[in-house]
Protein chains: 4
Amino acid sequence: MDSLAILKIAMREFAKERDWDQFHSPKNLSMALAGETAELLDCFRWLTEEASYQLDSSQTQAVTDELADVLLFTVRLADKLNIDLMAAAEQKIAKNARHYPADKVKGSAKKYNQY
Amino acid sequence: MDSLAILKIAMREFAKERDWDQFHSPKNLSMALAGETAELLDCFRWLTEEASYQLDSSQTQAVTDELADVLLFTVRLADKLNIDLMAAAEQKIAKNARHYPADKVKGSAKKYNQY
Amino acid sequence: MDSLAILKIAMREFAKERDWDQFHSPKNLSMALAGETAELLDCFRWLTEEASYQLDSSQTQAVTDELADVLLFTVRLADKLNIDLMAAAEQKIAKNARHYPADKVKGSAKKYNQY
Amino acid sequence: MDSLAILKIAMREFAKERDWDQFHSPKNLSMALAGETAELLDCFRWLTEEASYQLDSSQTQAVTDELADVLLFTVRLADKLNIDLMAAAEQKIAKNARHYPADKVKGSAKKYNQY
(Lines give C-alpha, C1' and ligand atoms only; values in the text may rest on other atoms or scores of the structure.)
Protein backbone atom coordinates (compact mmCIF):
# COMPACT_ATOMS: atom_id res chain seq x y z
CA MET A 1 0.00 0.00 0.00
CA ASP A 2 1.15 3.55 -0.56
CA SER A 3 2.92 5.25 2.31
CA LEU A 4 0.47 8.16 2.60
CA ALA A 5 -2.44 5.70 2.69
CA ILE A 6 -0.74 3.62 5.37
CA LEU A 7 -0.17 6.67 7.55
CA LYS A 8 -3.73 7.88 7.06
CA ILE A 9 -5.12 4.60 8.30
CA ALA A 10 -2.62 4.38 11.14
CA MET A 11 -3.57 7.86 12.35
CA ARG A 12 -7.28 7.01 12.17
CA GLU A 13 -6.75 3.90 14.25
CA PHE A 14 -4.57 5.75 16.71
CA ALA A 15 -7.18 8.43 17.30
CA LYS A 16 -10.06 5.98 17.42
CA GLU A 17 -8.43 3.76 20.06
CA ARG A 18 -7.88 6.82 22.24
CA ASP A 19 -11.21 8.50 21.55
CA TRP A 20 -9.31 11.51 20.27
CA ASP A 21 -11.47 12.37 17.28
CA GLN A 22 -13.22 14.88 19.51
CA PHE A 23 -9.97 16.89 19.75
CA HIS A 24 -9.01 16.56 16.10
CA SER A 25 -11.01 19.36 14.56
CA PRO A 26 -9.28 20.85 11.51
CA LYS A 27 -8.74 24.03 13.51
CA ASN A 28 -6.99 22.17 16.35
CA LEU A 29 -4.95 20.07 13.95
CA SER A 30 -3.70 23.19 12.17
CA MET A 31 -2.44 24.41 15.56
CA ALA A 32 -0.77 21.10 16.31
CA LEU A 33 0.88 21.10 12.91
CA ALA A 34 2.19 24.63 13.32
CA GLY A 35 3.42 23.80 16.79
CA GLU A 36 5.40 20.81 15.57
CA THR A 37 6.83 22.74 12.66
CA ALA A 38 8.09 25.39 15.00
CA GLU A 39 9.99 22.79 16.96
CA LEU A 40 11.97 22.26 13.77
CA LEU A 41 12.87 25.93 13.85
CA ASP A 42 14.22 25.42 17.34
CA CYS A 43 16.60 22.77 15.99
CA PHE A 44 18.08 25.22 13.52
CA ARG A 45 17.68 28.71 14.94
CA TRP A 46 21.23 29.33 16.11
CA LEU A 47 22.99 27.21 13.52
CA THR A 48 24.61 28.71 10.45
CA GLU A 49 23.31 27.42 7.14
CA GLU A 50 26.52 25.41 6.74
CA ALA A 51 26.11 23.83 10.17
CA SER A 52 22.50 22.97 9.38
CA TYR A 53 23.77 20.42 6.85
CA GLN A 54 26.00 18.72 9.39
CA LEU A 55 23.90 17.73 12.33
CA ASP A 56 25.28 15.40 14.95
CA SER A 57 23.33 12.27 15.79
CA SER A 58 21.26 13.80 18.58
CA GLN A 59 20.33 16.78 16.40
CA THR A 60 19.44 14.44 13.55
CA GLN A 61 17.24 12.40 15.86
CA ALA A 62 15.45 15.55 17.01
CA VAL A 63 14.86 16.74 13.45
CA THR A 64 13.71 13.26 12.41
CA ASP A 65 11.15 13.16 15.21
CA GLU A 66 9.81 16.62 14.38
CA LEU A 67 9.58 15.89 10.66
CA ALA A 68 7.64 12.74 11.51
CA ASP A 69 5.20 14.74 13.64
CA VAL A 70 4.75 17.27 10.85
CA LEU A 71 4.04 14.54 8.32
CA LEU A 72 1.61 12.76 10.63
CA PHE A 73 -0.42 15.87 11.41
CA THR A 74 -0.39 16.86 7.73
CA VAL A 75 -1.83 13.47 6.80
CA ARG A 76 -4.35 13.65 9.63
CA LEU A 77 -5.58 17.14 8.76
CA ALA A 78 -5.94 16.25 5.09
CA ASP A 79 -7.92 13.16 6.08
CA LYS A 80 -10.31 15.09 8.32
CA LEU A 81 -11.13 17.38 5.40
CA ASN A 82 -11.20 14.61 2.77
CA ILE A 83 -8.34 16.20 0.90
CA ASP A 84 -6.30 13.92 -1.37
CA LEU A 85 -2.83 14.89 -0.29
CA MET A 86 -0.94 13.35 -3.19
CA ALA A 87 -3.21 14.98 -5.77
CA ALA A 88 -2.82 18.27 -3.92
CA ALA A 89 0.97 17.98 -3.97
CA GLU A 90 1.09 17.13 -7.66
CA GLN A 91 -1.18 20.04 -8.52
CA LYS A 92 0.94 22.36 -6.41
CA ILE A 93 4.11 21.29 -8.21
CA ALA A 94 2.40 22.01 -11.53
CA LYS A 95 1.25 25.40 -10.26
CA ASN A 96 4.73 26.22 -9.01
CA ALA A 97 6.19 25.23 -12.38
CA ARG A 98 3.92 27.82 -14.02
CA HIS A 99 4.76 30.49 -11.45
CA TYR A 100 8.47 29.81 -11.60
CA PRO A 101 9.48 28.90 -15.17
CA ALA A 102 12.98 27.44 -15.00
CA ASP A 103 14.46 29.68 -17.68
CA LYS A 104 13.19 32.81 -15.94
CA VAL A 105 13.97 32.20 -12.29
CA LYS A 106 17.22 30.27 -12.57
CA GLY A 107 19.40 30.96 -9.53
CA SER A 108 17.04 33.57 -8.07
CA ALA A 109 14.87 33.19 -4.97
CA LYS A 110 12.49 36.08 -5.58
CA LYS A 111 8.80 35.49 -5.06
CA TYR A 112 6.93 34.96 -8.32
CA ASN A 113 5.00 38.18 -7.86
CA GLN A 114 8.31 40.06 -7.89
CA TYR A 115 9.18 39.06 -11.45
CA MET B 1 6.37 4.09 -7.16
CA ASP B 2 5.53 5.23 -3.67
CA SER B 3 4.08 8.71 -3.32
CA LEU B 4 6.77 10.00 -0.96
CA ALA B 5 9.46 8.76 -3.35
CA ILE B 6 7.74 10.42 -6.29
CA LEU B 7 7.56 13.74 -4.48
CA LYS B 8 11.17 13.52 -3.37
CA ILE B 9 12.34 13.08 -6.94
CA ALA B 10 10.00 15.77 -8.25
CA MET B 11 11.31 18.27 -5.72
CA ARG B 12 14.90 17.43 -6.58
CA GLU B 13 14.24 17.98 -10.26
CA PHE B 14 12.36 21.19 -9.57
CA ALA B 15 15.22 22.65 -7.55
CA LYS B 16 17.88 21.44 -9.95
CA GLU B 17 16.21 22.98 -13.02
CA ARG B 18 16.07 26.32 -11.21
CA ASP B 19 19.48 26.15 -9.57
CA TRP B 20 17.77 26.45 -6.20
CA ASP B 21 19.82 23.96 -4.25
CA GLN B 22 21.90 26.87 -3.05
CA PHE B 23 18.85 28.26 -1.18
CA HIS B 24 17.66 24.92 0.18
CA SER B 25 19.82 24.59 3.26
CA PRO B 26 18.06 22.65 6.01
CA LYS B 27 17.87 25.88 8.02
CA ASN B 28 16.15 27.75 5.22
CA LEU B 29 13.80 24.87 4.48
CA SER B 30 12.73 24.75 8.12
CA MET B 31 11.75 28.41 7.81
CA ALA B 32 9.87 27.79 4.60
CA LEU B 33 8.04 24.89 6.17
CA ALA B 34 7.08 26.90 9.22
CA GLY B 35 5.95 29.76 7.02
CA GLU B 36 3.66 27.53 5.00
CA THR B 37 2.24 25.88 8.08
CA ALA B 38 1.35 29.24 9.49
CA GLU B 39 -0.68 30.02 6.39
CA LEU B 40 -2.84 27.11 7.42
CA LEU B 41 -3.42 28.85 10.74
CA ASP B 42 -4.62 31.87 8.82
CA CYS B 43 -7.29 29.73 7.17
CA PHE B 44 -8.70 28.69 10.53
CA ARG B 45 -7.93 31.43 13.01
CA TRP B 46 -11.32 33.07 13.26
CA LEU B 47 -13.41 29.96 12.58
CA THR B 48 -15.04 28.00 15.35
CA GLU B 49 -14.02 24.36 15.59
CA GLU B 50 -17.40 23.41 14.13
CA ALA B 51 -16.97 25.76 11.19
CA SER B 52 -13.49 24.37 10.56
CA TYR B 53 -15.11 21.10 9.45
CA GLN B 54 -17.34 22.84 6.95
CA LEU B 55 -15.18 24.88 4.65
CA ASP B 56 -16.63 26.34 1.50
CA SER B 57 -14.93 25.56 -1.79
CA SER B 58 -12.59 28.56 -1.77
CA GLN B 59 -11.52 27.82 1.81
CA THR B 60 -10.98 24.17 0.91
CA GLN B 61 -8.83 25.17 -2.03
CA ALA B 62 -6.72 27.43 0.18
CA VAL B 63 -6.22 24.68 2.77
CA THR B 64 -5.43 22.15 0.03
CA ASP B 65 -2.74 24.40 -1.41
CA GLU B 66 -1.16 25.03 1.97
CA LEU B 67 -1.19 21.37 2.94
CA ALA B 68 0.52 20.59 -0.35
CA ASP B 69 3.23 23.15 0.38
CA VAL B 70 3.74 21.72 3.84
CA LEU B 71 4.08 18.20 2.47
CA LEU B 72 6.46 19.30 -0.28
CA PHE B 73 8.79 21.17 2.06
CA THR B 74 8.66 18.29 4.56
CA VAL B 75 9.75 15.88 1.84
CA ARG B 76 12.43 18.26 0.66
CA LEU B 77 13.89 18.90 4.09
CA ALA B 78 13.99 15.18 4.87
CA ASP B 79 15.74 14.57 1.56
CA LYS B 80 18.41 17.20 2.18
CA LEU B 81 19.25 15.50 5.48
CA ASN B 82 18.96 11.93 4.13
CA ILE B 83 16.13 11.19 6.54
CA ASP B 84 13.80 8.35 5.59
CA LEU B 85 10.49 10.04 6.17
CA MET B 86 8.32 6.93 6.16
CA ALA B 87 10.57 5.13 8.62
CA ALA B 88 10.56 8.25 10.79
CA ALA B 89 6.77 8.40 10.76
CA GLU B 90 6.37 4.74 11.63
CA GLN B 91 8.84 5.02 14.47
CA LYS B 92 7.04 8.10 15.76
CA ILE B 93 3.72 6.30 15.75
CA ALA B 94 5.31 3.48 17.76
CA LYS B 95 6.81 5.98 20.17
CA ASN B 96 3.49 7.77 20.55
CA ALA B 97 1.77 4.46 21.22
CA ARG B 98 4.15 3.91 24.14
CA HIS B 99 3.70 7.44 25.45
CA TYR B 100 -0.07 7.33 25.11
CA PRO B 101 -1.32 3.82 25.91
CA ALA B 102 -4.91 3.65 24.72
CA ASP B 103 -6.33 2.34 27.99
CA LYS B 104 -4.71 5.14 29.96
CA VAL B 105 -5.35 8.23 27.85
CA LYS B 106 -8.77 7.42 26.43
CA GLY B 107 -10.70 10.62 25.86
CA SER B 108 -8.05 12.84 27.39
CA ALA B 109 -5.77 15.29 25.60
CA LYS B 110 -3.19 15.78 28.32
CA LYS B 111 0.45 15.68 27.36
CA TYR B 112 2.13 12.37 28.20
CA ASN B 113 4.37 14.03 30.77
CA GLN B 114 1.23 15.10 32.67
CA TYR B 115 0.10 11.53 33.35
CA MET C 1 11.47 55.28 31.11
CA ASP C 2 9.08 53.64 28.71
CA SER C 3 8.66 49.88 28.96
CA LEU C 4 9.69 49.14 25.38
CA ALA C 5 12.84 51.23 25.83
CA ILE C 6 13.66 49.45 29.09
CA LEU C 7 13.33 46.06 27.46
CA LYS C 8 15.40 47.11 24.48
CA ILE C 9 18.27 48.14 26.70
CA ALA C 10 17.92 45.08 28.91
CA MET C 11 18.11 42.78 25.89
CA ARG C 12 21.15 44.60 24.54
CA GLU C 13 22.93 44.22 27.86
CA PHE C 14 21.93 40.58 28.13
CA ALA C 15 23.35 39.75 24.71
CA LYS C 16 26.47 41.81 25.20
CA GLU C 17 27.38 40.16 28.51
CA ARG C 18 27.08 36.75 26.87
CA ASP C 19 28.71 37.67 23.56
CA TRP C 20 25.50 36.62 21.81
CA ASP C 21 25.30 39.37 19.24
CA GLN C 22 26.96 37.00 16.80
CA PHE C 23 23.88 34.74 16.97
CA HIS C 24 21.32 37.52 16.84
CA SER C 25 21.08 38.12 13.12
CA PRO C 26 17.61 39.30 12.09
CA LYS C 27 17.15 35.97 10.29
CA ASN C 28 17.94 33.96 13.42
CA LEU C 29 15.81 36.19 15.62
CA SER C 30 12.83 35.72 13.31
CA MET C 31 13.21 31.96 13.82
CA ALA C 32 13.50 32.34 17.58
CA LEU C 33 10.40 34.53 17.62
CA ALA C 34 8.39 32.08 15.55
CA GLY C 35 9.57 29.22 17.73
CA GLU C 36 8.40 30.94 20.89
CA THR C 37 5.07 31.89 19.37
CA ALA C 38 4.45 28.30 18.47
CA GLU C 39 4.91 27.30 22.07
CA LEU C 40 1.88 29.46 22.76
CA LEU C 41 -0.06 27.35 20.26
CA ASP C 42 0.92 24.29 22.25
CA CYS C 43 -0.72 25.81 25.33
CA PHE C 44 -4.04 26.14 23.52
CA ARG C 45 -4.19 23.50 20.81
CA TRP C 46 -6.51 21.01 22.48
CA LEU C 47 -8.52 23.53 24.51
CA THR C 48 -11.91 24.75 23.40
CA GLU C 49 -12.22 28.49 22.93
CA GLU C 50 -14.21 28.66 26.16
CA ALA C 51 -11.54 26.75 28.08
CA SER C 52 -8.87 29.04 26.68
CA TYR C 53 -10.32 31.86 28.80
CA GLN C 54 -10.12 29.82 31.98
CA LEU C 55 -6.59 28.63 32.39
CA ASP C 56 -5.47 27.11 35.65
CA SER C 57 -2.45 28.58 37.37
CA SER C 58 0.12 26.33 35.73
CA GLN C 59 -1.35 27.00 32.28
CA THR C 60 -1.36 30.72 33.02
CA GLN C 61 2.27 30.58 34.07
CA ALA C 62 3.21 28.78 30.84
CA VAL C 63 1.35 31.32 28.69
CA THR C 64 2.89 34.20 30.65
CA ASP C 65 6.40 32.85 30.07
CA GLU C 66 5.81 32.36 26.37
CA LEU C 67 4.26 35.80 25.91
CA ALA C 68 7.29 37.27 27.63
CA ASP C 69 9.63 35.45 25.24
CA VAL C 70 7.62 36.67 22.27
CA LEU C 71 7.77 40.26 23.49
CA LEU C 72 11.50 40.07 24.22
CA PHE C 73 12.41 38.66 20.82
CA THR C 74 10.10 41.18 19.12
CA VAL C 75 11.88 44.03 20.87
CA ARG C 76 15.27 42.52 20.08
CA LEU C 77 14.56 41.98 16.39
CA ALA C 78 13.22 45.52 16.01
CA ASP C 79 16.32 46.85 17.72
CA LYS C 80 18.70 44.96 15.43
CA LEU C 81 16.98 46.53 12.43
CA ASN C 82 16.61 49.98 13.98
CA ILE C 83 12.85 49.77 13.76
CA ASP C 84 10.87 51.98 16.12
CA LEU C 85 8.42 49.44 17.45
CA MET C 86 5.94 51.87 18.98
CA ALA C 87 5.78 53.98 15.82
CA ALA C 88 5.31 50.79 13.81
CA ALA C 89 2.45 49.66 16.03
CA GLU C 90 0.70 53.01 15.88
CA GLN C 91 1.01 53.13 12.11
CA LYS C 92 -0.32 49.60 11.87
CA ILE C 93 -3.36 50.48 13.97
CA ALA C 94 -4.04 53.42 11.67
CA LYS C 95 -3.65 51.19 8.61
CA ASN C 96 -5.96 48.59 10.10
CA ALA C 97 -8.54 51.27 10.84
CA ARG C 98 -8.54 52.17 7.14
CA HIS C 99 -8.75 48.52 6.06
CA TYR C 100 -11.47 47.68 8.52
CA PRO C 101 -13.82 50.66 8.91
CA ALA C 102 -15.94 50.00 11.98
CA ASP C 103 -19.26 50.61 10.28
CA LYS C 104 -18.46 48.16 7.52
CA VAL C 105 -16.90 45.21 9.33
CA LYS C 106 -18.90 45.22 12.53
CA GLY C 107 -19.24 41.68 13.87
CA SER C 108 -17.52 40.10 10.87
CA ALA C 109 -14.07 38.51 10.77
CA LYS C 110 -13.55 38.47 7.03
CA LYS C 111 -10.21 39.62 5.68
CA TYR C 112 -10.29 43.14 4.29
CA ASN C 113 -9.62 41.91 0.78
CA GLN C 114 -12.84 39.91 0.97
CA TYR C 115 -15.05 42.98 1.36
CA MET D 1 1.34 56.95 29.40
CA ASP D 2 3.46 53.86 28.87
CA SER D 3 3.59 52.43 25.36
CA LEU D 4 2.29 48.97 26.33
CA ALA D 5 -0.64 50.57 28.17
CA ILE D 6 -1.42 52.78 25.18
CA LEU D 7 -1.46 49.80 22.83
CA LYS D 8 -3.61 47.76 25.19
CA ILE D 9 -6.25 50.45 25.29
CA ALA D 10 -6.05 51.07 21.56
CA MET D 11 -6.57 47.38 20.84
CA ARG D 12 -9.53 47.21 23.22
CA GLU D 13 -11.15 50.17 21.50
CA PHE D 14 -10.45 48.76 18.07
CA ALA D 15 -12.09 45.45 18.90
CA LYS D 16 -15.01 47.04 20.69
CA GLU D 17 -15.88 49.37 17.81
CA ARG D 18 -15.94 46.38 15.45
CA ASP D 19 -17.68 43.96 17.82
CA TRP D 20 -14.69 41.67 17.48
CA ASP D 21 -14.37 40.53 21.08
CA GLN D 22 -16.34 37.46 20.11
CA PHE D 23 -13.47 36.38 17.84
CA HIS D 24 -10.70 37.26 20.26
CA SER D 25 -10.60 34.16 22.42
CA PRO D 26 -7.10 33.44 23.75
CA LYS D 27 -7.01 30.36 21.54
CA ASN D 28 -7.80 32.35 18.41
CA LEU D 29 -5.39 35.11 19.31
CA SER D 30 -2.58 32.59 19.75
CA MET D 31 -3.26 31.45 16.19
CA ALA D 32 -3.28 35.01 14.90
CA LEU D 33 -0.04 35.74 16.67
CA ALA D 34 1.66 32.64 15.28
CA GLY D 35 0.38 33.45 11.82
CA GLU D 36 1.83 36.95 11.92
CA THR D 37 5.13 35.72 13.28
CA ALA D 38 5.43 33.29 10.42
CA GLU D 39 5.07 36.13 7.95
CA LEU D 40 8.30 37.43 9.42
CA LEU D 41 9.91 34.12 8.52
CA ASP D 42 8.79 34.66 4.96
CA CYS D 43 10.71 37.94 4.88
CA PHE D 44 13.95 36.17 5.82
CA ARG D 45 13.72 32.60 4.60
CA TRP D 46 15.92 32.82 1.51
CA LEU D 47 18.24 35.55 2.76
CA THR D 48 21.66 34.78 4.18
CA GLU D 49 22.25 35.97 7.72
CA GLU D 50 24.42 38.76 6.34
CA ALA D 51 21.71 39.89 3.95
CA SER D 52 19.15 39.86 6.77
CA TYR D 53 20.94 42.86 8.28
CA GLN D 54 20.75 44.85 5.07
CA LEU D 55 17.16 44.99 4.00
CA ASP D 56 16.10 47.35 1.27
CA SER D 57 13.31 49.79 2.00
CA SER D 58 10.47 47.56 0.82
CA GLN D 59 11.79 44.63 2.86
CA THR D 60 12.17 46.90 5.88
CA GLN D 61 8.60 48.08 5.49
CA ALA D 62 7.35 44.49 5.33
CA VAL D 63 9.29 43.52 8.46
CA THR D 64 8.10 46.65 10.25
CA ASP D 65 4.47 45.83 9.48
CA GLU D 66 4.81 42.24 10.65
CA LEU D 67 6.63 43.20 13.85
CA ALA D 68 3.82 45.65 14.57
CA ASP D 69 1.22 42.90 14.10
CA VAL D 70 3.16 40.60 16.39
CA LEU D 71 3.37 43.26 19.08
CA LEU D 72 -0.31 44.15 18.78
CA PHE D 73 -1.52 40.56 19.08
CA THR D 74 0.91 39.94 21.95
CA VAL D 75 -0.55 42.91 23.82
CA ARG D 76 -4.08 41.81 23.00
CA LEU D 77 -3.61 38.21 24.11
CA ALA D 78 -1.99 39.30 27.37
CA ASP D 79 -4.89 41.67 27.99
CA LYS D 80 -7.54 38.99 27.41
CA LEU D 81 -5.86 36.83 30.05
CA ASN D 82 -5.11 39.71 32.46
CA ILE D 83 -1.40 39.09 32.15
CA ASP D 84 0.89 42.02 33.01
CA LEU D 85 3.18 41.89 30.00
CA MET D 86 5.93 44.12 31.40
CA ALA D 87 6.10 42.18 34.66
CA ALA D 88 6.19 38.95 32.67
CA ALA D 89 9.06 40.22 30.52
CA GLU D 90 11.07 41.40 33.49
CA GLN D 91 10.59 38.08 35.28
CA LYS D 92 11.61 36.22 32.15
CA ILE D 93 14.81 38.23 31.84
CA ALA D 94 15.60 37.40 35.46
CA LYS D 95 14.88 33.72 34.83
CA ASN D 96 17.04 33.73 31.71
CA ALA D 97 19.85 35.34 33.66
CA ARG D 98 19.74 32.41 36.08
CA HIS D 99 19.60 29.84 33.29
CA TYR D 100 22.37 31.46 31.30
CA PRO D 101 24.97 32.91 33.69
CA ALA D 102 27.20 35.19 31.64
CA ASP D 103 30.47 33.67 32.76
CA LYS D 104 29.32 30.19 31.81
CA VAL D 105 27.61 30.67 28.45
CA LYS D 106 29.80 33.39 26.95
CA GLY D 107 29.89 33.00 23.18
CA SER D 108 27.90 29.77 23.15
CA ALA D 109 24.34 29.29 21.94
CA LYS D 110 23.60 25.94 23.57
CA LYS D 111 20.29 25.51 25.36
CA TYR D 112 20.61 25.82 29.13
CA ASN D 113 19.66 22.17 29.59
CA GLN D 114 22.71 21.22 27.54
CA TYR D 115 25.19 22.72 30.00
Side-chain angles (χ1 to χ4, degrees), chain C residues 2-4 6-7 10-11 14 17-20 22-23 25-28 30-31 33-34 37-38 40-41 43-44 47-53 55 60 63-65 67-72 74-75 77-78 80-81 83 85-86 88-93 95-97 100 102 105-107 109, chain D residues 2-4 6-7 10-11 14 17-20 22-23 25-28 30-31 33-34 37-38 40-41 43-44 47-53 55 60 63-65 67-72 74-75 77-78 80-81 83 85-86 88-93 95-97 100 102 105-107 109:
Chain C
D2 189 76
S3 54
L4 291 176
I6 292 169
L7 296 178
M11 291 299 282
F14 198 91
E17 287 167 6
R18 284 157 188 79
D19 198 14
W20 279 0
Q22 57 183 315
F23 303 115
S25 66
K27 180 184 178 94
N28 286 2
S30 77
M31 296 176 77
L33 181 52
T37 314
L40 273 171
L41 291 178
C43 301
F44 293 114
L47 301 183
T48 63
E49 285 187 62
E50 292 70 46
S52 79
Y53 286 102
L55 305 180
T60 301
V63 170
T64 301
D65 272 8
L67 276 173
D69 277 328
V70 170
L71 179 60
L72 293 174
T74 302
V75 166
L77 177 48
K80 295 299 271 188
L81 290 170
I83 291 170
L85 204 47
M86 186 60 182
E90 292 182 317
Q91 282 161 21
K92 197 68 201 318
I93 291 175
K95 192 190 279 192
N96 287 341
Y100 304 99
V105 305
K106 198 147 193 161
Chain D
D2 188 77
S3 54
L4 291 176
I6 291 170
L7 296 179
M11 291 298 282
F14 199 91
E17 287 167 8
R18 283 155 188 81
D19 197 14
W20 279 358
Q22 57 184 312
F23 303 115
S25 66
K27 180 184 178 94
N28 287 3
S30 77
M31 296 176 79
L33 180 52
T37 313
L40 274 171
L41 291 178
C43 301
F44 293 113
L47 301 183
T48 61
E49 286 187 59
E50 292 69 45
S52 79
Y53 286 100
L55 305 180
T60 301
V63 171
T64 301
D65 273 8
L67 276 173
D69 277 328
V70 171
L71 179 60
L72 293 173
T74 302
V75 166
L77 176 48
K80 295 299 272 189
L81 290 171
I83 290 169
L85 204 48
M86 187 58 182
E90 292 182 317
Q91 283 160 22
K92 199 66 200 319
I93 290 174
K95 193 190 279 193
N96 287 341
Y100 303 100
V105 305
K106 200 145 192 162

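Lettering follows sequence order; numbering is per chain, from 1.
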If you count heavy-atom pairs under 4.5 Å between each of [options] and chain C, which one has the most?
options                             : result
D:Val63, D:Leu77, D:Thr48           : D:Leu77
D:Val75, D:Val70, D:Asp69           : D:Asp69
D:Cys43, D:Ala38, D:Gly107, D:Ala88 : D:Gly107

Name the region of [X], side chain, backbone, both or neither, that has any atom closer than 4.5 Å to a heavy atom of chain C.
X       : value
D:Tyr53 : both
D:Asn28 : side chain
D:Ala51 : neither
D:Leu33 : both
D:Met86 : side chain

Quick one: list whatever passes side-chain hydrogen bond (donor to acceptor under 3.5 Å, both in side chains) with D:Thr37, sequence neighbours left out. C:Thr37
side-chain hydrogen bond (donor to acceptor under 3.5 Å, both in side chains) filter on D:Glu90, not counting sequence neighbours, yields none
State the [atom1]-[atom2] distance between [X] and [Y], to the nearest 0.5 angstrom.
X       : Y       : atom1 : atom2 : result
D:Ile83 : C:Leu67 : CD1   : CG    : 5.0 Å
D:Phe14 : C:Ile93 : CZ    : CD1   : 8.0 Å
D:Asp2  : C:Ser3  : CG    : OG    : 3.0 Å
D:Met11 : D:Leu71 : CE    : CG    : 9.0 Å

Measuring only between side-chain heavy atoms, which start at C-beta, is D:Thr60 closer than 4.5 Å to D:Thr64? yes
Please check: side-chain N/O of D:Ser52 versus main-chain N/O of C:Lys27, any donor-acceptor pairing under 3.5 Å? yes
What are the two closest heavy atoms between C:Ala68 and D:Lys92, and how far apart are they? CB-CB, 3.6 Å
Please determine, among C:Leu41, C:Leu55, C:Leu40, the option with the most heavy-atom pairs under 4.5 Å with chain D. C:Leu41
If you count heavy-atom pairs under 4.5 Å with chain D, which of C:Ala97, C:Ala10, C:Ala78 comes out on top? C:Ala97
Counting only non-hydrogen atoms closer than 4.5 Å, does [X] touch chain D with its backbone (N, CA, C, O), its side chain (CB onward), both, or neither?
X       : result
C:Leu85 : both
C:Leu72 : side chain
C:Asp65 : both

